[in-house]
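Accompanying notes for the structure given below.
Counting starts at 1 for both ligands and their atoms, following the listed order.
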Amino acid sequence: MATLREVLQDAQRRGVAVGHFNFSDLTALRAAVAAAGELNVPVMVGVSEGERALVGVRQAATLVKSLREETGHPIFLNADHTHSLEKAEEAARAGFDEIIFDGSSMALDENVKQTSRAVEAIKSINPAIMVEGEVGYIGTSSEILTKAPEGIGALTTPEEATQFVNATRIDVLAPAVGNMHGLLQSMVRGEAQKHLDIERIGVVHAACGIFMTLHGGSGTNDQDFQRAIKAGMTIVHVNTELRLAWRRGLEAELKAHPEEVAPYKILPGAYNAIKDVVTARLRLFNFLG
Ligand code: G3H
Ligand code: ZN
């Protein structure tokens, strides 16, 4: 089985991106894995600190390991947006493939200090784990938002990116390039989309020279996604769209079967809705037409 680093190298060489999808339960995890399997493309699945609190850290790792063994498919697990050294070490010990140490709300110097410490600690547990760091603020929640959070809009500069990457020795950089976590209500209604600064993605990538992740993928314009991938994004994260699909899928089933109490009869509504979103996003990220 190829390692995550090898899969990212291959994606970069081919000018495509690896889709990353968050999960809070087995329904969403299996939906994402099934979509990737049908399209025969690698996939990353991730759990934030909140998602990990529900799923369990070691349990998430065990579930992914068992799906990987059963399907033989390249499925990789990421500890998404990890804010403390303790939680980063816990994920490293559990066997995660990637850990994102998120110091993006700190001043750059403090972010450098804490991310460097996390890189050292994670690599001392397992040098093969990819570590991602973040420079620039893109909001924090994969939720439906009434307005963009304060501070959104400032872009990561190539100088900041280079300084951060050289000082921390991270493997993957998450910059702020017009992206934002979550969906505005206008986006949920289909009246607006996120747009990215493609030129900035290109210069930041050329300057830092490492893999880059596009966070806040939900609600992004399709063309911008593909131009961002061509400009240097090798991983793309999507979460809020899946949460919305989960809720809508569940609500539709509950409404259609008001007396039903068997979860395994209701949950396929959420599974199918999530799988459809993941399939559409993976087709786009892999330029499958
Ligand atoms: O790490 C998670 C992603 O960046 C999700 O962003 O909820 O806007 O899709 P999103
Ligand atoms: Zn994110």
Side-chain angles (χ1 to χ4, degrees), residues 17-24 28-29 31-32 35 43-53 55 60 76-83 87-88 91 96-105 111 115 130-149 151-153 156 170 172-188 190 192-196 201 211-222 224-225 228-229 233-248 273-274 276-278 280-282 284-285:
V18 178
H20 171 293
F21 305 95
N22 291 72
F23 65 95
S24 290
L29 173 60
V43 69
M44 292 178 74
V45 289
V47 272
S48 64
E49 288 186 357
E51 289 157 345
R52 268 176 268 172
V55 179
F76 300 98
L77 178 61
N78 171 43
D80 207 13
H81 297 292
T82 305
H83 296 95
K87 288 202 181 327
F96 282 54
D97 301 289
E98 196 204 16
I99 295 171
I100 302 184
F101 187 81
D102 182 354
S104 60
S105 59
N111 190 1
T115 304
M130 307 281 288
V131 186
E132 180 171 324
E134 302 201 24
V135 176
Y137 184 66
I138 56 162
T140 52
S141 50
S142 286
E143 303 279 354
I144 312 297
L145 308 167
T146 45
K147 60 178 175 62
I152 290 287
T156 303
I170 50 170
V172 185
L173 176 71
V177 287
N179 47 337
M180 178 190 85
H181 282 125
L183 282 172
L184 295 174
Q185 281 161 338
S186 55
M187 295 170 180
V188 175
Q193 288 187 316
K194 294 178 192 169
H195 287 279
L196 305 168
I201 293 171
F211 297 119
M212 296 205 312
T213 296
L214 178 67
H215 282 257
S218 293
T220 302
N221 173 270
D222 283 3
D224 278 28
F225 261 141
I229 293 165
M233 289 294 181
T234 306
I235 303 171
V236 182
H237 279 222
V238 176
N239 192 1
T240 315
E241 286 181 1
L242 307 183
R243 292 179 171 186
L244 192 59
W246 168 80
R247 186 174 177 113
R248 285 176 173 167
I274 293 170
D276 286 349
V277 175
V278 174
R281 287 326 194 183
L282 284 175
L284 195 70
F285 303 160

Please could you name the atoms of ligand 1 that [X] approaches to less than 4.0 Å, counting only its heavy atoms?
X	result
M180	8 (O)
N239	5 (C), 7 (O), 9 (O), 10 (P)
K194	8 (O)
S142	5 (C), 6 (O), 7 (O), 10 (P)
H215	1 (O), 4 (O)
H181	1 (O), 3 (C), 4 (O), 5 (C), 6 (O), 8 (O)
N22	2 (C)
G182	7 (O), 8 (O), 10 (P)

Of all N/O/S atoms in H181, which lies nearest to the Zn ion (ligand 2)?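 Closest N, O or S atom of H181 to the Zn ion (ligand 2): NE2.
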Do you know which N/O/S atom name in H215 is closest to the Zn ion (ligand 2)? ND1
Who's the nearest protein heavy-atom neighbour of [atom], and how far?
atom	answer
atom 2 (C) of ligand 1	D80 OD2, 3.3 Å
atom 9 (O) of ligand 1	S218 OG, 2.6 Å
atom 3 (C) of ligand 1	H237 CB, 3.3 Å

Checking side-chain hydrogen bond (donor to acceptor under 3.5 Å, both in side chains) for the pair D224/H195: CA distance, chi angles, key distance, verdict? CA-CA 6 Å; D224 278 28; H195 287 279; 3.1 Å; yes
Test side chain to side chain contact (heavy atoms under 4.5 Å, CB included) applied to S104 and E134, H215, H81, the passing residue: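 The single option meeting the side chain to side chain contact (heavy atoms under 4.5 Å, CB included) with S104 is E134.
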With backbone taken as N, CA, C and O and side chain as the heavy atoms from C-beta onward, which portion of T240 lies under 4.0 Å from ligand 1: side chain, backbone, both, or neither? both
If you measure from each non-hydrogen atom of H81 to ligand 1, which part falls under 4.0 Å: side chain, backbone, both or neither? side chain
I want to check something: taking the side chain as every heavy atom from C-beta on, are L77 and V47 in contact at a cut-off of under 4.5 Å?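 A side-chain contact under 4.5 Å exists here.
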Run the numbers on R52 and T82 for side-chain hydrogen bond (donor to acceptor under 3.5 Å, both in side chains), then give the verdict. CA-CA 10 Å; R52 268 176 268 172; T82 305; 2.8 Å; yes
Looking at non-hydrogen atoms alone, which of G216, A174, G46 comes nearest to atom 6 (O) of ligand 1? G216
Could you pull out the closest heavy-atom pair between [X] and [Y], with the gap in Å?
X	Y	result
A35	L282	C-CD1, 4.2 Å
E241	S218	N-OG, 2.9 Å
L244	V188	CD2-CG1, 4.1 Å
G216	H181	N-CD2, 3.9 Å

Would you please classify the geometry between the F285 ring and the F225 ring as parallel, tilted or perpendicular, with 30° and 60° separating the classes? perpendicular
Please report the C-alpha distance between N78 and E132 in whole Å, then the side-chain angles of each, then the deciding distance to 0.1 Å, and finally whether the side-chain hydrogen bond (donor to acceptor under 3.5 Å, both in side chains) criterion is met. CA-CA 10 Å; N78 171 43; E132 180 171 324; 5.7 Å; no
